S.K.: 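This is the structure I want to talk about, given as structure tokens.
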Amino acid sequence: MDLHTKQRQFSGQLYKYTNVMKGWQYRYFLVDANAGLLHYYLCEGEKPDGTVPRGSVHLAGAVICPSDEDSKTFTVNCASGDMLKLRATDARARQEWVNGLRAVAESHTKSISANSPPLPPREHLAVLDALGCVRSQLQQTEQADSALCRTIESAGSKFFIDPNLLLLKATSAASLHCLTQCMSILQRNQHAQQARTGFVIDDD
């Protein structure tokens, strides 16, 4: 991994969590420290000059947090409300990424504050931070629902036709669907903001 915050760019490969169906996907990440942008590509060879990245996010105002679930995972919580859940190869690589991204985020956050004051008001940032937490909780809920389904389906036909287990499975699926719909409503303003800035995150 080429990770030097004093250079114009640093880059490397990370796992990116997409959703329960796709899980963790290997992606090539490129940080433009001068522009304050984090780009990612399907693979390293996909990034010739002029190639549009799979996704791009602004690091100004972003909060980069190591995860307590293991020593490799961390999240990038953007001021727009987007969140990237990433995983490095080991604890040392994670710390390098966290330190590098934090340095770029801090630099551009200060620059924006000095040159064009307002970042979103504190109340708005609090809402965006809460939205990032909701995303994380919804991902955990998806994982729990998937684990529940696998457990019931692998328990054998005797348990699979148990009405209480079937009710539990159906209730879990319905609750997850309801939460997903609620999340879609919350994301409408976020999507409108993304359309204005031109920066999007693909779910891959």
Side-chain angles (χ1 to χ4, degrees), residues 12-29 38 40-43 54-57 62-95 97-98 101 125-194 199-204:
Q13 291 185 311
L14 294 167
Y15 282 101
K16 174 182 176 291
Y17 185 82
T18 55
N19 52 48
V20 172
M21 296 299 295
K22 295 181 180 179
W24 292 95
Q25 302 290 324
Y26 218 27
R27 297 289 178 259
Y28 183 81
F29 284 81
L38 172 62
Y40 68 87
Y41 302 81
L42 186 64
C43 59
R54 293 273 175 162
S56 298
V57 296
V63 178
I64 296 89
C65 300
S67 172
D68 57 6
E69 62 185 79
D70 58 41
S71 63
K72 303 176 184 178
T73 305
F74 63 100
T75 58
V76 179
N77 301 281
C78 303
S80 65
D82 291 309
M83 183 187 75
L84 295 177
K85 186 175 182 181
L86 308 173
R87 179 174 290 168
T89 53
D90 53 38
R92 180 178 179 179
R94 179 180 78 170
Q95 195 58 50
W97 273 101
V98 169
L101 290 171
L125 287 176
V127 171
L128 294 177
D129 184 55
L131 186 59
C133 292
V134 171
R135 290 173 182 271
S136 178
Q137 291 296 323
L138 185 57
Q139 287 179 344
Q140 293 179 30
T141 303
E142 290 176 343
Q143 292 173 339
D145 178 71
S146 179
L148 173 65
C149 291
R150 289 196 303 269
T151 300
I152 293 176
E153 292 170 1
S154 65
S157 58
K158 177 181 178 181
F159 295 97
F160 189 65
I161 60 175
D162 185 293
N164 291 327
L165 288 178
L166 293 177
L167 178 61
L168 176 62
K169 182 180 178 182
T171 301
S172 177
S175 298
L176 179 58
H177 177 73
C178 181
L179 290 172
T180 302
Q181 292 299 310
C182 291
M183 186 63 183
S184 296
I185 295 173
L186 291 174
Q187 288 177 318
R188 286 177 182 174
N189 288 339
Q190 172 195 334
H191 290 162
Q193 183 174 356
Q194 286 180 337
F199 288 93
V200 298
I201 293 181
D202 291 339
D203 189 21
D204 66 7

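We number each residue from 1, following the sequence as shown. If you're wondering where the values come from, they're calculated on a predicted model, not measured in any experiment.
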S.K.: Backbone N or O of Leu84 within a donor-acceptor pair of the Thr75 side chain at under 3.5 Å?
M.R.: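 No, because the side chain of Thr75 does not come within donor-acceptor range (under 3.5 Å) of the backbone of Leu84.
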S.K.: Kindly give the heavy-atom pair with the smallest separation between Arg94 and Ser71, and that separation in Å.
M.R.: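 Here Arg94 and Ser71 meet closest at NE-O, 3.2 Å.
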S.K.: Verify the neighbour count for atom CG of Asp68: are there more than 12 heavy atoms of other residues, nucleotides or ligands below 6.0 Å?
M.R.: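 No, CG of Asp68 has 12 or fewer neighbouring heavy atoms, counting only those of other groups under 6.0 Å.
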S.K.: Classify the ring geometry of Tyr40 against Phe29: parallel below 30°, tilted from 30° to 60°, perpendicular beyond 60°.
M.R.: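 The rings of Tyr40 and Phe29 sit tilted, inter-plane angle from 30° to 60°.
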S.K.: For a quick test of reading the model, state the closest non-hydrogen atom pair linking Tyr26 to Thr89 and the distance between them.
M.R.: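 The pair with the smallest heavy-atom distance is OH-CG2, 4.4 Å.
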S.K.: Between atom CZ of Arg87 and atom OG of Ser67, what is the distance when rounded to the nearest 0.5 Å?
M.R.: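 It is 8.5 Å, given to the nearest 0.5 Å.
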S.K.: Return the minimal non-hydrogen interatomic distance between Cys65 and Asn77, and the atom names on each side.
M.R.: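 Shortest heavy-atom separation between Cys65 and Asn77 comes out as SG-ND2, 4.1 Å.
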S.K.: Kindly indicate whether the side chain of Arg27, heavy atoms from C-beta on, has any atom under 4.5 Å from the side chain of Leu42.
M.R.: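 A side-chain contact under 4.5 Å exists here.
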S.K.: Is there a side-chain contact between Gln140 and Glu69 in this structure, where contact means two heavy atoms from C-beta onward sitting under 4.5 Å apart?
M.R.: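 Of all side-chain heavy-atom pairs linking Glu69 with Gln140, none is under 4.5 Å.
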S.K.: Looking at every non-hydrogen atom in both residues, tell me the closest pair between Val57 and Cys78 and how far apart they are.
M.R.: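 Minimum heavy-atom contact is CB-SG, 3.7 Å.
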S.K.: Check whether any side-chain heavy atom of Tyr17 sits under 4.5 Å from a side-chain heavy atom of Thr73, and report yes or no.
M.R.: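 A side-chain contact is absent here, since even the closest heavy-atom pair is not under 4.5 Å.
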S.K.: Taking atom CG of Asp82 and atom CG of Leu38, what is their separation to the nearest 0.5 Å?
M.R.: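 Reported to 0.5 Å precision, the distance equals 11.5 Å.
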S.K.: Checking side-chain contact (heavy atoms from CB on, under 4.5 Å) for the pair Val76/Trp97: CA distance, chi angles, key distance, verdict?
M.R.: CA-CA 11 Å; Val76 179; Trp97 273 101; over 6 Å; no
S.K.: Using modelled atom types and a 3.5 Å cut-off, is there a donor and acceptor pairing between side-chain atoms of Thr141 and backbone atoms of Gln137?
M.R.: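 Yes.
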